[in-house]
Amino acid sequence: MQATFTSFYFLCFYTCILFLYYLIPKKTQWVFLLLTSIAYYLLTGNGALILYPFAGCGVAYAGMRVMAGTEDGRKRRAALVGVVAALVGILFLLKYVNFVIQTANGIAGLFGIEGEALRGLKLAAPLGVSFYTFTLLGYVIDVYNKIAEPQKNFFRLALYGMYFPTVLSGPILRYREDGAQFFKPHPFDYREVTFGLQRMVWGFFKTLVISERMNLVVNTVYDNDMSYGGLSVWIATVCFAFQLYTNFSGSMDIVLGMSQTFGLKLPENFETPFFSKTIPEYWRRWHISLGIWMKEYVFYPLLRTQAFTALGKKLRGRFGKKRGKQLATFSAMFLLWFTVGIWHGGDWKFVIGSGLLHWAYIVCGELLAPVYGKFMEKCHINPKSGWVDGLRILRTFFLANLGFVFFRAESVPAAVRLLKAGACFWKLGVPDGGSVFSLGLDVIEAVIAVVSLLILLTVSLLQRKGSVRERIEKKKLPVRFALWYALLFYTILLGYYGPEYNAAEFIYQGF
Amino acid sequence: MTREEVYATLNGVFQDVFDDPSIEVEDGTTSADIEDWDSLEHINLIAAVEQEFGIKFSMGQVVAMKNVGEMADIILSQIGD
């Protein structure tokens with residue numbers, strides 16, 4: 001069985017689970033979800049790799065029991081350090097050791113040591129290792145901070161860590177907000193189940209109809225990056241922005257919808273991020289659960305360490321209260337954004353494209369804020385007027401796209417080459433091949449893509465005013481049915497799916 | 001220190017941190033009510049409150065407090081100890 005939620009066999013697996021979930025005694029529903037999560041790992045060819053998440057849950061459980069059994073601060077801290085070292089250590093071995101080796105080899109090359117000074121490791125990682133590691137780490141840290149109840153039952157913790165819908169692409173859960181519901185009985189609720197299924201259809205529309213089409217344009221240009229320049233690069237990059245967004249947010253719709261059919265409410269991960277007016281706002285609306293995790297477990301603790309407190313005092317003394325405070329925050333933010341970047345993958349293209357580039361944007365934004373304010377005042381422009389907001393949205397989208405070039409390109413040099421090629425202004429007027437239809441989508445496919453994007457835009461605008469599903473629910477029965485069946489058949493007829501089509505995997509499942 | 005006195009001091013801290021003399025906080029005030037109260041300023045606000053009252057919030061309190069009312073409760077419990 002393919003791991004991806006859009007595969008036919010997975011949908012058969014899910015349908016069977018949904019029926020059985022409401023047929024079995026309510027008290028055993030959480031045990032059933034644990035068994036199906038184990039089955040998911042085994043059926044998707046992860047076999048022995050399931051030992052990794054089990055070991056992770058075991059380490060977290062042991063640490064929690066130690067913390068629960070003592071008020072001695074040193075013992076509690078030792079337990080926390082042990083859990084963090086073990087979980088981060090495993091994650092490092094599985095995902096980042098080769099990044100360190102490659103970087104070391106690169107540095108050795110600069111000093112004239114040729115060949116591979118150090119050899120990389122070939123370790124197979126289980127599905128969603130970053131997601132379940134972060135979910136478990138957050139829980140254990142919350143128990144240490146005494147804001148979450150330690151789990152007494154190992155198998156309940158195992159369900160929380162390995163719950164199959166979240167394995168591929170999150171969201172990263174927070175036990176103190178989402179944990180207890182997993183173990184409560186969930187009687188069948190027609191409205192919740194239909195709402196969940198409707199959300200899943202919307203997710204399939206995003207991934208199968210839009211993302212897969214965008215993928216064709218992106219691959220045409222990015223897989224032949226030496227042959228394209230000018231406008232082609234920007235068309236492909238904007239397509240990648242929508243590919244990534246519809247792929248990731250679509251998979252979230254499927255995960256959250258699927259969970260809703262089980263009576264579980266998981267945290268939202270997206271809130272129409274491309275409408276953001278600034279980069280900080282963009283990160284509050286894109287991959288929200290990662291942002292919250294980074295804020296609570298990296299950024300705040302870092303800023304409250306003695307080292308950063310001392311640095312802040314020193315900088316305030318030297319540069320004054322406001323600028324000193326800013327500089328201390330920027331230094332902590334550098335480490336934060338490095339971590340955000342490397343979370344996306346052990347490669348400098350992720351460290352730059354999803355991390356340090358955004359750090360630079362935020363720092364520049366903060367430093368230039370007074371200049372911007374004065375400029376607007378001098379030009380008598382109301383900074384809150386609609387057209388200024390529109391320009392800020394476009395600027396933020398453009399800046400995010402520069403990061404996406406690094407994210408999607410093969411490597412940092414390839415990204416730089418594409419950005420240089422994209423800046424060839426004499427080629428900006430017309431794409432390579434003389435037509436936009438030479439980039440992977442013919443006229444009909446391009447029309448379908450544009451119409452689908454317009455549907456996405458319309459729904460996204462409506463979502464800003466409240467739940468679209470609730471609004472549709474209030475319509476008369478024929479209208480409701482017409483809308484949902486239209487979306488379903490649109491997706492079935494125009495989506496790229498089925499065993500003969502090699503669907504692109506969920507982009508975030510690699511993490 | 002009474003709750004009213006805590007709020008009088010908190011108003012001064014908020015006005016200083018957010019550089020806005022018009023800010024008046026109450027139990028239900030959250031980050032959504034103050035424009036510049038984002039994750040960056042939250043930690044600066046916490047540090048300023050700690051310094052003003054001579055207290056120390058735990059990491060759990062820093063991330064879990066939901067509004068100014070909860071902040072005032074923690075301040076009162078700590079200065080009362």
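So that the names make sense, note that chain A is the first sequence line, chain B the second, and so on, each numbered from 1.
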**Q.** Side chain to side chain, A/Lys321 and B/Asp16, heavy atoms closer than 4.5 Å
**A.** yes

(Q) Atom CD of residue position A/Glu149 - does it have more than 12 heavy atoms of other residues, nucleotides or ligands inside 6.0 Å? (A) no

Q. Given the rule in the side chain to side chain contact (heavy atoms under 4.5 Å, CB included) test, do A/Lys146 and B/Gln61 qualify, once you have shown the distances and angles that lead to the verdict?
A. CA-CA 9 Å; A/Lys146 297 184 177 173; B/Gln61 289 166 337; over 6 Å; no

Q.
If you apply the rule side chain to side chain contact (heavy atoms under 4.5 Å, CB included), what do you find for A/Ile147 with B/Val63, and how did you get there?
A. CA-CA 9 Å; A/Ile147 52 173; B/Val63 297; 3.6 Å; yes

Q.
Can you tell me how far apart CE (A/Met294) and OG (B/Ser39) are? Round to the nearest 0.5 Å.
A. 13.0 Å

Q: Please say whether more than 12 non-hydrogen atoms of neighbouring residues, nucleotides or ligands are located less than 6.0 Å from CZ in A/Arg464.
A: yes

**Q.** CD (A/Glu377) with more than 12 external heavy atoms under 6.0 Å
**A.** no

Q.
Within the 4.5 Å heavy-atom criterion, are A/Arg284 and B/Asp38 side-chain neighbours or not?
A. yes

Q.
For a 4.5 angstrom cut-off between non-hydrogen side-chain atoms, does A/Arg304 reach B/Ile46?
A. yes

Q) Does A/Tyr372 OH have over 12 foreign heavy atoms under 6.0 Å away? A) yes

Q: Search all heavy atoms of A/Lys325 against all heavy atoms of B/Asn44 and return the closest pair with its distance.
A: CG-OD1, 3.5 Å

Q) Taking atom CZ of A/Arg77 as the centre, does the number of heavy atoms from other residues, nucleotides or ligands within less than 6.0 Å exceed 12? A) no

Q: Under the side chain to side chain contact (heavy atoms under 4.5 Å, CB included) rule, what do A/Lys295 and B/Ile43 come out as? Steps first, then yes or no, please.
A: CA-CA 10 Å; A/Lys295 181 183 80 178; B/Ile43 209 75; over 6 Å; no

**Q.** Between CE on residue B/Met59 and OH on residue A/Tyr144, distance to nearest 0.5 Å
**A.** 11.5 Å

